[in-house]
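Quantities reported herein were computed from a predicted structural model and do not represent experimental measurements. For reference, positions follow the sequence shown, starting with 1.
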Amino acid sequence: MLPAPHRLRDAGQYRAVLRNRRSGRAGGSLLVVQMIDADASGLAHPERVGPRVGFVVSKAVGNAVVRSRTKRVLRHLVRDELPRLDPSLDIVVRANPAIAGAGTDAVRAELQRMLTKAHKRIRTDDGVPRETASAGAKR
């Protein structure tokens with residue numbers, strides 16, 4: 001289980017991540033990760049202690065048993081990633097239907113890849129992804 005300060009709790013918090021024009025998004029066959037830098041987006045909370053994460057597992061993934069197992073696995077894997085994540089991030093992890101038949105190691109590998117990719121794609125104030133902005137600065 002994720003500690004309470006690390007959870008997105010209501011629809012407004014999910015909406016802020018999913019609809020923000022600065023969000024970084026990365027998708028694979030098993031899941032999609034979308035994140036924003038809450039500090040840069042003006043959504044930061046003064047008592048924030050680290051990144052906040054929410055999960056979306058639709059009925060397309062499977063029945064209630066499969067969906068619950070999927071959420072448990074994702075929560076466990078994300079909990080292990082919290083120390084290496086930027087504390088100002090708000091993250092939504094959406095499971096794709098293919099995750100139902102995947103092993104934990106495959107999900108872990110894809111989650112790590114998608115977190116890294118999405119973080120690089122968070123947009124700066126001028127609307128340019130961080131990886132593009134930093135690549136342009138090196139030239």
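Closest of all the heavy-atom pairs between Asn96 and Gly28 is ND2-O, 3.0 Å. Here the shortest heavy-atom pairing between Ala60 and Pro97 reads O-CB, 3.6 Å. In terms of heavy-atom proximity, Pro5 sits nearest to Val49 at CB-CG2, 3.3 Å. Taking both residues in full, the closest heavy atoms of Ala26 and Ala118 are given as CB-N, 3.7 Å, listed atom of the first, atom of the second, then distance. Closest of all the heavy-atom pairs between Pro83 and Asp80 is CD-O, 3.5 Å. Between Ala102 and Val107, the shortest heavy-atom distance links the atoms CB-CG2, 4.0 Å.
Residues Val73 and Val57 share a single hydrophobic cluster, defined by chaining ILVMFWY side chains whose heavy atoms lie under 4.5 Å apart. At a threshold of 4.5 Å between side-chain heavy atoms, the hydrophobic network of Ile, Leu, Val, Met, Phe, Trp and Tyr places Val32 and Leu8 in two separate groups.
For Arg19, the CZ atom counts as loosely surrounded, since its 6.0 Å shell holds 12 or fewer non-hydrogen atoms of other residues, nucleotides or ligands.
Judged as a side-chain hydrogen bond (donor to acceptor under 3.5 Å, both in side chains), not a single pair has a partner in residues 58-69 (not counting sequence neighbours). For residues 103-114, the side-chain hydrogen bond (donor to acceptor under 3.5 Å, both in side chains) pairs, not counting sequence neighbours, are Glu81-Gln112, Asp105-Arg108, Glu110-Arg113. Residue pairs satisfying the side-chain hydrogen bond (donor to acceptor under 3.5 Å, both in side chains) criterion with at least one member in residues 1-18, sequence neighbours excluded, are absent.
Note that CG of Leu2 is 11.0 Å distant from NE2 of His76, once rounded to the nearest 0.5 Å. Taken to the nearest 0.5 Å, the CD1 atom of Ile91 stands 11.5 Å off from the CD atom of Gln34. Annotation: the span from Leu77 atom CG to Arg79 atom CZ amounts to 9.5 Å, rounded to 0.5 Å. The CE atom of Met35 sits 6.5 Å away from atom CG of Leu85, with the distance rounded to the nearest 0.5 Å. Going from atom NE2 of His119 over to atom CG of Asp86 covers 4.5 Å, rounded to the nearest 0.5 Å. With values rounded to the nearest 0.5 angstrom, Leu74 atom CG is found 12.0 Å from Arg94 atom CZ.
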key: Trace of the side chain to side chain contact (heavy atoms under 4.5 Å, CB included) decision for Arg84 with Thr116   = CA-CA 10 Å; Arg84 74 176 195 92; Thr116 302; 3.8 Å; yes

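Of the candidates Ile36, Asp37, Asp90, Ile122, Ile36 is the only one forming a side chain to side chain contact (heavy atoms under 4.5 Å, CB included) with Asn20.
Residues Pro51 and Leu82 form a side-chain contact, since some pair of their non-hydrogen atoms from C-beta on lies under 4.5 Å apart.
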